[in-house]
Every structure is written in structure tokens, then in C-alpha cells.
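For reference, the structure discussed in these notes is given below.
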Number of protein chains: 2
Amino acid sequence: MLDVAREAGVSLKTVSRVVNGEPAVRPETSQRVERAMAALGFRRNDSARQLRTGRTASVGLVVEDLADPFYSLLTKAVARVCEERGHLLLSGSAEGSPERERSLVSAFLARRVDGLVVVPALADDHGWLAGEGVPFVLVDRPAGGTPCDSVLSDNAGGVRAAVEHLAGRGHRRIGFLGDDAAFWTAQQRRRGFLEAVDALGLPAADLVGMGPHTVASAAALLEGWGAGADPLTAVVTGNNRVTVTALRALRDAGRRLEVVGFDDVELADLLDPPLTVVAQDPERLGDTAARLLFRRMGGDLEGMGPVVVPTRLVVRG
Amino acid sequence: MLDVAREAGVSLKTVSRVVNGEPAVRPETSQRVERAMAALGFRRNDSARQLRTGRTASVGLVVEDLADPFYSLLTKAVARVCEERGHLLLSGSAEGSPERERSLVSAFLARRVDGLVVVPALADDHGWLAGEGVPFVLVDRPAGGTPCDSVLSDNAGGVRAAVEHLAGRGHRRIGFLGDDAAFWTAQQRRRGFLEAVDALGLPAADLVGMGPHTVASAAALLEGWGAGADPLTAVVTGNNRVTVTALRALRDAGRRLEVVGFDDVELADLLDPPLTVVAQDPERLGDTAARLLFRRMGGDLEGMGPVVVPTRLVVRG
DNA sequence: TTGTAGGCGTTATCAA
DNA sequence: TTGATAACGCCTACAA
């Protein structure tokens, strides 16, 4: 910047004014500076600017896995909001590890991000994060202990809708294949299932199998539930992964069972039969979380707490 | 840091030494500093560090669409290499726009990233990037003009393998549905197709339809090729998107045609019939590009130019 | 409309 | 083994 000033024959401060588009500069001077900048290939050093202003115009995002379509859609939505507000997004995958989550958050904080969006690896207390003094919003899963902002899918409601849909089609014996009950979302979906069958007066307490599932374990459960005088006629699966596993198990067994999956899957309409799903809206989760974060960053601390984003039953076939 | 120094009763520089794990500090002093840091919740300000050292330990990545599984897998691979080397990854989607590509690159350069990985929006000359004096590697597509590093899939070879596979299964009339010929990759795949049918002595010059395709346009082409005395029996599709479009068109028409798709798709094994594909390896593309970039960043400028990553024919059903 | 001085938090240099 | 001091490049405050 000093070089530019010399080249243009003006002071440092004048160059700074031109770079930042401050008004009080004569057009003629401004042009001279612009030319000098172009000639020297000048580009403002954001580190220096950040050091001086204390603001980085950046936001950190920690998800479980950037390569998972759910999180990459969420990431994209957050990135879009950030861009809208002139902020840069830093993102990373915690891969389910609380240590990685903390180390990512730590790296972001060292870079002085203005805010954080975090998919917590565990549902444990995130008071440590609150203590950092940087606004943050949790997504997809809440954290116990210290109350804070979170944006969640309507997990239980989604599964209830699935069960009601199946019941409406005449099914009485409906099973639930959930993922590992260690996941908060898996618990919520199981709860939704139990509430729904209970409300409808369906017999199902013994038709719940939590994961993690392999094709073999899913096949064994489905076979068990299918045996006897009153066999299973439909099943709800707890997430994308379980859905795929269950479909493979059914195909291998040559069985046709009505399936409703939690999470939408690509090509669901090309399967035989087409797959009905409870679709989450990762983009809306990300968008909502990011907008909420910017509100917090702007100093508005009104109404902190959980926000629930609805799911949508997509009936196919 | 000054506060920590005061709290520990040492000089600023000593705290800096402890923070950076420099050796020449008495363990006792070091402990005192550590305690003071913990008490004050100290965290190094990377902006200041970057300003002073001139290095940011960060890399910028520009892809077409972060939410596309191909690019999100690529991103993850780049992120993994960055983490391995203690670097932070900044990423963004250009959404196919050269302007957005430049503005992302510009934002990254203002933050003084140490290197760049870029999926070029256009195959035009990227001399402007080379002129910035920051090491960079292009991925997925090359750029004309100024020679530079690039990591590319074996597009033509992949399609050749697909055609040979189909010919090996007895097909003589094979079609090719490609995406928009404005894309460099679409051109390469068409070239691979034409070379393959030519080498095998198959009649196919009139069985090429480039996109963009809708279900209707794909259906029309397939119907045309399927009419007459010597109808089409198999088709190769030019990418993920075209594959899905073609499958929908075939389903709607109630036709069964042997299809080999470029790009792997989730649930391909659950389709009826299971879908054979030419799989790219986005993770290897990203990994290769990132490692190459770190070599360049390390000052090794040996053998600049394109690197080709093989594709893999995944036969199903 | 333009310029000068000072400091943001860190690391490098050199001295003690 | 430790400390004093000077940058790094920019922006804020104030002065001309």
C-alpha cells in the first residue's frame, strides 16, 4: 500500500481511502491511485486489516462429514447466506469425534471468526463453547446443559407422518429399523415411531430394531418380524444409511415389503417400487441457522433456544 | 499476550516462546506461562501472526458446486491433505460462473492463502491466475493458453471402456447421450465414444446426442434411434445427470435398453436392472491435486503439466 | 480534500 | 535463559 502511495504520489491514507471506497477523495486522485494499484498488482492484505479492525468477516462451520449429501447441502446453504453478507465461510468435518470438533473450533477461534455454526459430535454440554464469547448456533442436534440456539429437524414428527401414511394404507404390523441409539436423532425418530403406533393403537413395541445395521442384521430382523401368523407388512427406516441397508436385505431375500425411508435418496423414483420417504430439508436447516447466527452477531439476543424445521412426506408410486 | 506476560510476570517474548513451543525456556517459567494462559483464556491471534510471518497456513479451493457429491468428495480429500499438513482449507462454489470464480480467488488471495486448487469454470486461459504468483493446481478440467498443473480424469478412456464392455456383450448399435458440448468433459467423453466405435468398426456416428437433455429430449432421441430395421440396443450416458434423465425416459417409455453410465450413482445396484457405470475417483483427484499443490508450495517446480487419473468400469448385474 | 501519528498482536533481531 | 524493541500492513483519530 505504501508502494502504491509512492507510485501515485499520494499518502498512504489516501490509498486506503480509495481501497475502501471512502467518499472524500477527488475523482482525479482516485484514478491515479487506481492506476498505480493496477500497475503494481496491489491487493489489500486482509490479515492486517483484520488485526486492525478486529473483525474478520468470516464464519466457521463444523459438520460431521462434508462429503455427506445432507451436510454438503447444509454447508452450501450456510455459504450462500455468508456470501450474501460478505462473509467468508471456513468449514471442516469433525468425523463424529468430539476432539476434532474442539480442535476445529479452536482453529476457527484462533482465526477470530465472527461466529460459528456447529453440528455437535455429542449431545453433551457445550458450555465450553458458550464461554468463548463468540456467537454460535448448533444444527441438526442439540446439546444438553447450557441452553443455546439450535436448529433441528422435526425428527419425531417426520416418523409419525410415515407411520400414519402406512396406517392409512391399511398396514397394521409396521416395524422400525433405526440407526445406532447413541445418536440423538436416532432416539428422536424411535420416540416418534413409538408415539405414533401408540396413538394409532397398533402393536409395535416389539417391532423396533436399533442399529448399527448390516445387511445381514437387517435381514435377520425383517425375517423374524415376517414370520408367524401375523407378519410384518411395512417398515420405516431411520435414516438414509439404514434405508439402503434394508432395501439390500429385502432384495437379497426376494421379499417385497412397503418401505418408508427417513431422508430422501437420489433415484428413489427409479426404484421398484418407487420409494416413499420423509425428506429433511438440509438447505433450510443451514439457511435458518446462518440467518439466526447473523442476527446474534448483530447483537440481537432475543429468544435464544431451539428452532424446529418441519420434514416433508414425499409419497411415491 | 501482553496480559499473559503480566500475569505470569515474564516478558512478551517469553510468552511467545511458550506459545510456539520454542525450546529455550525453563520448564518452570513455561509452566507459569501456561497457567496464566489458562487463567486468562488466552488464544493466539492468527491474524497478527500471519501479518508478521507472511504465511497463513491456508489453502483455497474453488469448485463448481459444493453440494454436488463429486465435488464434495473432492473437497473432502483436499481437506484431509490440508489437515495432514496443518493447513486450513477455505472453499467456495463458483456455480459455473467465471466471475464468481475470479471473485472467490480474489477473496482467497486477499487472505493470502499459500496455494489454490481450482476447478475452472471455463477452459479459457488462466494466465491471470499464474500472474498472481501463488502456486495453484487445476482439477477436473484443464485451461488453455498458459501451461500449468492440472489433475484430470481419463474421460475418453472411461467411455472407451464402456463401449468395449458393451461390444463384448454383443451390442453393435450403441448410442451416446452426452451433456452440453460446451463442457470440456462432455467433449472428451464424446471423443472417447467416437474413437471407440471407430476402432471397433461399429456404426455410430449418427448415434450421438449432446445435451443439455430433458427427459423429453432424451426420450425423443432414444425413440428415434430405436426405430427402423436395425435398432439401438445399448446406450452410454455422459454423466450422472444424463444417466438419471435417460433412465427416467426409458422407464416412462417402458423400454429396457442396456445402459452404461459415466459417474457412479448411489443405489445403482438396487435399480432394475442394476446399473453398470464408469466410476470416476473424485477423492483421488482431490488427493492428487492437493499433494501436488503442497509440492509446488514447497518450491518443487519439477514437471509441471497435466496428470491423468484413471476411471474404473464397475460392472453390475 | 488530504496527510500524520499511533497502535492492533504477533514474531524477529539483537542484546543482556 | 530471558528481555527490549522494531517491524508486519492496515485503519482510526485527529490535524492541516
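The figures that follow rest on heavy atoms only: side chains count, while hydrogens, waters and symmetry mates do not. Throughout, protein chains are lettered first and strands after them, A, B, ... in sequence-line order, and every chain is numbered starting at 1.
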Interatomic distance, A/L12 CG vs C/dG7 P [rounded to whole Å]:
17 Å

Separation of C/dT2 C1' from A/R32 CZ (nearest whole Å):
11 Å

Protein-nucleotide distance (A/E22, atom CD; C/dT1, atom C1'), rounded to Å
12 Å

Nearest whole angstrom, please: distance from the P of D/dC10 to the CZ of A/R55.
19 Å

Report yes if a side-chain nitrogen or oxygen of A/T53 is closer than 4.0 Å to either non-bridging phosphate oxygen (OP1 or OP2) of D/dC11; otherwise report no.
no

A/A48 side-chain proximity, nearest of D/dG9, C/dG9, C/dT11
D/dG9

At less than 3.5 Å, do the side-chain atoms of B/K13 and the base atoms of D/dA4 form a donor-acceptor pair?
no

Both A/L2 and A/R17 contact DNA chain D. Taking the nearest nucleotide for each, which residue is further toward the 5' end?
A/L2

B/L51 or B/G9: which one's nearest nucleotide on DNA chain D is closer to the 5' end?
B/G9

Below 4.0 angstrom from OP1 or OP2 of C/dT2, is there any side-chain N or O of A/T29?
yes

Any donor-acceptor pair under 3.5 Å joining the side chain of B/R43 to the base of C/dG9?
no

Can you tell if the side chain of B/R112 reaches within under 4.5 Å of the side chain of B/Q50, non-hydrogen atoms only?
no

Is there a donor and acceptor pair, one atom on the side chain of A/R52 and one on the base of D/dC10, closer than 3.5 Å?
no

Using atom types as modelled and distance alone, determine if a side-chain donor or acceptor of A/D114 lies under 3.5 Å from a backbone N or O of A/A57.
yes

Considering every strand and a 4.0 Å limit on heavy-atom distances, what is the contact class for B/S16: base, sugar-phosphate, or nothing?
base

Centroid separation B/H87 to B/F294 less than 6.0 Å
yes

With heavy atoms under 4.0 Å as the rule, sort A/V19 into base, sugar-phosphate or nothing.
nothing

Look at B/R112 and D/dG9 and indicate whether a side-chain polar atom (N or O) is within less than 4.0 Å of OP1 or OP2.
no

Minimum heavy-atom distance between B/L293 and B/G115, given as atom pair plus value:
CD2-C, 3.9 Å

Whole-Å distance between D/dC10 C1' and A/Q50 CD?
11 Å

A/R43 and B/S106 side chains, donor-acceptor separation under 3.5 Å
yes

Separation of atom CE in B/M1 from atom C1' in D/dC8, rounded to whole Å:
14 Å

C/dG3 OP1/OP2 closer than 4.0 Å to side-chain N/O of A/T14
yes

Of the listed nucleotides C/dT2, D/dC10, C/dT10, the one nearest the side chain of B/R49:
C/dT10

Sole candidate of A/V137, A/V309, A/V78, A/L152 that passes side chain to side chain contact (heavy atoms under 4.5 Å, CB included) when paired with A/T288:
A/V309

Does a nitrogen or oxygen in the side chain of A/N20 sit under 4.0 Å from OP1 or OP2 of D/dC11?
yes

Please determine whether a side-chain nitrogen or oxygen atom of B/R26 lies at a distance below 4.0 Å from atom OP1 or OP2 of D/dT1.
no

